[in-house]
**Q** 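Dumping the structure here so I can ask a few things about it.
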Amino acid sequence: MANKGPSYGMSRQVQDKIDSKYDPELEQILVEWISRQCGSGVGRPEPGKMGFQAWLKDGCVLSELINSLFAGDKPVKKIQSSPMAFKQMEQISQFLNAAEKYGVTKTDMFQTVDLWEGKDLAAVQRTLSALGSLAITKDEGTYNGDPNWFFKKAQENKREFSDEQIKAGKNVIGLQMGSNKGASQEGMSYGRPRQIL
């Protein structure tokens, strides 16, 4: 947050609401998973939101994480730590592109500034949780961690019906469609009849 001063009024309330969504317990789970997934080379952050942000800010840890989830060709070819802001943000955006290729939906993704400027670290947690859930769901053998840390996403359950079953289903009126039993227009009046002069 180079040139941004403290926020006041409505901006402050909005930022406080965003900050309240950050989960310290989820932070511990994510740190443990990333450390197991990438090995001891990535180290560990200082506890707390600012330590978590500083650990992930240059994008190198995130790139190592996404590369470890791909069995064959690695999506992030060049992982290089740099003190320059532009290079760090580029590394984060390479992670986001690779995560999208892996299958994380756009709605689960954070924006580069959410992490780099620390604007919405809860969104970063959501993206990493979605990535962990996807890794468990895909079950390709690349996930290293406790399967209970993330939920398993629902799988497609396609069903096949014979022509006879489809024809029989057309004759059944489901209760959600309602019933017209006893319905008539008897006694319905809408005010006075039209007066023609």
**Q** Taking atom CD of Gln165 as the centre, does the number of heavy atoms from other residues, nucleotides or ligands within less than 6.0 Å exceed 12?
**A**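 Count over threshold, so yes.
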**Q** Does any non-hydrogen side-chain atom of Leu69 lie less than 4.5 Å from one of Leu134?
**A** no
**Q** Do you know the tightest heavy-atom contact between Cys38 and Val61?
**A**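 Minimum heavy-atom contact is SG-O, 4.3 Å.
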**Q** List the atom of Ala123, the atom of Asp114, and the distance in Å for their closest heavy-atom pair.
**A** CB-OD2, 4.1 Å
**Q** List the atom of Trp55, the atom of Asp58, and the distance in Å for their closest heavy-atom pair.
**A** O-OD1, 4.1 Å
**Q** Salt-bridge test for Lys74 and Glu64: reply yes if a basic N is under 4.0 Å from a carboxylate O, no otherwise.
**A**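 Glu64 and Lys74: not salt-bridged.
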**Q** Counting only heavy atoms not in Gln53, do more than 12 sit closer than 6.0 Å to its CD atom?
**A**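 Above 12, so yes.
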**Q** What distance do Ile92 atom CD1 and Phe110 atom CZ have between them, rounded to the nearest 0.5 Å?
**A** 6.0 Å
**Q** Using 0.5 Å steps for rounding, measure from the CE atom of Met89 to the CG atom of Leu96.
**A**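 Nearest 0.5 Å value for the CE-CG distance: 11.0 Å.
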**Q** For Gln91 and Ser63, work out which heavy atoms get closest and say how close.
**A**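 For Gln91 versus Ser63, the nearest heavy atoms are NE2-OG, 3.0 Å.
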**Q** Would you call Lys106-Glu100 a salt bridge at under 4.0 Å N-O?
**A**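 Salt bridge between Lys106 and Glu100, a charged N being under 4.0 Å from a carboxylate O: yes.
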**Q** Could you check Arg44 against Glu32 for side-chain contact (heavy atoms from CB on, under 4.5 Å), going step by step and ending with a plain yes or no?
**A** CA-CA 9 Å; Arg44 284 181 173 270; Glu32 185 63 36; 2.7 Å; yes
**Q** Using only atom types and a distance under 3.5 Å, with no angle test, would you say the side chain of Gln88 pairs donor to acceptor with the backbone of Ser82?
**A**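 Such a contact is found between Gln88 side chain and Ser82 backbone.
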**Q** Can you tell me how far the CD1 atom of Ile79 sits from the CD1 atom of Ile66, to the nearest 0.5 Å?
**A** 10.5 Å
**Q** How close do Gln94 and Lys78 get, heavy atom to heavy atom, and via which atoms?
**A**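 That would be OE1-O, 3.9 Å.
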**Q** Quick one: pull up CD in Gln37 and CG in Leu30 and give me the separation to the nearest 0.5 Å.
**A**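 Spacing of CD (Gln37) from CG (Leu30) equals 12.0 Å.
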**Q** Locate the shortest heavy-atom distance separating Gly51 from Pro45; write the atom from each residue and the value.
**A**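 Smallest interatomic distance, heavy atoms only, reads O-CB, 3.4 Å.
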